[in-house]
Amino acid sequence: MPSDEEQLTDWQQSAFHAALEKLQSGHGHPDSVMRMGEAFGRGLFAQRIKEKAPDWTMKEWLREIEKDICGPLGTEFTFTKISHDVATTFMNRNPLAQTSQERTAESLFNFGVMRGLFLSAFPQGELVLNEMKNKDHPELIFKANASAKDKLERERVIRAFTFLKKEDGT
Amino acid sequence: MPREAFINTTVQKKEGFIRTGIDKLDRLLEGGIPGGFTVVLLGSPGSSTEILVKQIATSGGVTYITTEETKQEILDTIQRFNWPIPEIDFVDISEKYYSNVLQGEQKRVSIYEQRSKLKLKELIQIGSTAMPSTTTANEDFLAILSNRTKNVPEKRIIIINSLDFFLSQYDQEDVLRTVFAIKVNNLKNKGALLIVMTKGVHGDLFERKMEGLADAVLELDVIQKGSSFERYLSVKKMRNYAKKIGIARYVIDDSGFVLEMIERIM
């Protein structure tokens with residue numbers, strides 16, 4: 001009987017595999033990789049988070065996500081700021097990145113997973129990527145109340161990664 | 001486990017059943033999909049579910065809700081396989097989605113242009129993010145799905161390809177509620193509702209809920225055997241027709257989806 005961690009890792013691998021397949025199929029678009037990540041993130045949230053408080057704070061959400069999802073998945077974060085509606089973090093460790101050769105697709109998928117997890121709890125929020133300080137290690141900013149500009153971030157990230165995809169040939 | 005090879009005979013049209021247009025699949029289903037049935041088509045990556053549903057779409061009398069490819073891309077594939085192109089009522093959510101994405105992108109570009117042309121004082125007046133003061137709401141694709149399946153004529157095939165799109169944007173419970181409403185409508189219309197979903201992405205619990213809601217579950221799998229891949233279609237569930245549960249090997253060739261051998265489980 002596989003452990004909880006193994007089951008979760010297998011599920012993630014299976015979802016990423018499906019995302020890659022969609023990308024490589026005839027009319028594949030990088031957007032489909034993000035979408036599969038989002039669907040997987042929403043699925044994780046629905047299946048793993050048993051009780052969702054109607055007025056969660058950012059801290060409460062992070063505590064649940066770290067305990068029930070990130071921990072078992074082996075994903076590690078360093079938070080540089082946590083307020084009641086904004087959290088800023090760096091991803092330190094991501095097992096999917098270590099096993100995948102498709103770096104760009106993996107980054108896009110991973111952004112989608114975090115976005116799906118976050119929007120499941122904060123539908124008015126948005127996940128923003130800040131590459132200004134360090135391009136190789138961008139900051140992830142979770143905003144519980146997104147501005148109209150933040151709402152365009154998803155498309156910007158897809159565009160940025162599509163450009164990268166063309167550059168590194170993945 | 002009884003095995004049966006396919007015989008090259010055409011399946012007789014059966015009252016109350018809706019033909020898929022793929023003769024051997026109709027034979028596996030012993031006449032087609034029972035009218036009013038909701039069928040979940042669970043596909044593993046690489047199993048060519050896309051080709052199967054497009055081929056079914058050419059059987060005529062089909063409403064095709066597409067989220068992954070545009071109408072034109074689907075028609076291109078149909079032409080490539082030389083399948084007939086009957087009347088297909090397309091609901092092109094993919095086109096709508098990508099035009100929304102493009103609008104968002106244009107908005108971003110126009111903000112950049114505003115920033116580069118305007119003076120600092122003017123920018124401050126507009127607001128630090130330089131966004132237009134009014135924004136239009138995004139389209140509710142789940143509502144479009146619900147509305148467009150409500151007024152479908154009787155005994156029609158509705159293909160939703162795929163549920164993955166809605167599950168990336170809405171909570172699983174919201175999607176389930178919408179699917180249930182469409183199922184009830186389809187039952188009333190005595191049509192066939194085909195819902196495509198990628199296997200292994202949305203979690204076991206959700207897959208089980210979908211399997212519970214469906215009247216029939218078809219699963220497409222790819223198994224690696226040495227250096228080659230074998231594809232199998234399993235009829236995992238068929239409400240009130242336990243005899244139809246079985247498995248069949250298939251290949252994709254120039255003519256499309258070809259079933260080779262049925263193995264009955266019951």
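Excluded from the calculations below are hydrogen atoms, water molecules and symmetry mates; all remaining heavy atoms, backbone and side chain alike, are included. In what follows, every chain begins at residue 1, and chains take the letters A, B, ... in the order their sequences are listed.
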> Judged by atom type as modelled, is there a donor-acceptor pair below 3.5 Å linking the side chain of A/Asp150 to the main-chain atoms of A/Glu126?
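Checking the backbone N and O of A/Glu126 against the side chain of A/Asp150, no donor-acceptor pair under 3.5 Å is found.
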> Would you mind telling me which of A/Trp11, A/Phe45, A/Phe16, A/Phe40 has the largest number of heavy-atom pairs within less than 4.5 Å of chain B?
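Greatest number of close heavy-atom pairs with chain B: A/Trp11.
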> At a 4.5 Å cut-off on heavy atoms, which part of A/Glu38 comes close to chain B: side chain, backbone, both, or neither?
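Both backbone and side chain of A/Glu38 come within 4.5 Å of chain B.
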> Between B/Ser162 and chain A, which part of the residue has a heavy atom less than 4.5 Å away: side chain, backbone, both or neither?
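Answer is side chain: those atoms of B/Ser162 sit under 4.5 Å from chain A.
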> Given the options B/Ser44, B/Gly46, B/Gly200, which has more heavy-atom pairs under 4.5 Å with chain A than any of the others?
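Going by pairs under 4.5 Å, I would pick B/Gly200.
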> Are B/Leu194 and B/Val39 close enough that some pair of their side-chain heavy atoms sits under 4.5 Å apart?
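The answer is yes; the side chains approach within 4.5 Å.
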> Could you go through the side-chain hydrogen bond (donor to acceptor under 3.5 Å, both in side chains) check for A/Glu139 and A/Thr88 one step at a time?
CA-CA 7 Å; A/Glu139 255 182 345; A/Thr88 306; 5.3 Å; no
> Checking heavy atoms, do the side chain of A/Arg154, its backbone, both or neither come under 4.5 Å from chain B?
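For A/Arg154, the side chain is the part near chain B, not the backbone.
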> Does A/Trp56 reach the side chain of A/Ile49, with side-chain heavy atoms less than 4.5 Å apart?
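Yes; the side chains approach each other to less than 4.5 Å.
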> Quick check for you: among A/Pro123, A/Ser14, A/Gly41, which has the greatest number of heavy-atom pairs under 4.5 Å with chain B?
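Max contact count across the listed options: A/Ser14.
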> Taking B/Glu173's backbone N and O only, do any of them form a donor-acceptor pair with B/Asp171's side chain (distance below 3.5 Å, no angle check)?
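No, because the side chain of B/Asp171 does not come within donor-acceptor range (under 3.5 Å) of the backbone of B/Glu173.
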> Can you tell which part of B/Tyr98 gets under 4.5 Å to a heavy atom of chain A, answering side chain, backbone, both or neither?
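Side chain only.
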> Select one option (side chain, backbone, both, neither) describing which atoms of B/Thr70 are under 4.5 Å from chain A's heavy atoms.
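Interface part for B/Thr70: neither.
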> Out of A/Arg35, A/Glu21, A/Met36, which one racks up the most heavy-atom pairs below 4.5 Å with chain B?
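Option with the greatest count: A/Arg35.
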> Please find out if less than 6.0 Å separates the ring center of B/Tyr97 from that of B/Phe165.
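Under 6.0 Å, so yes.
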> Tell me if a side-chain donor or acceptor on B/Ser234 pairs with a main-chain N or O of B/Lys236 at a distance below 3.5 Å.
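Not a single qualifying donor-acceptor pair exists.
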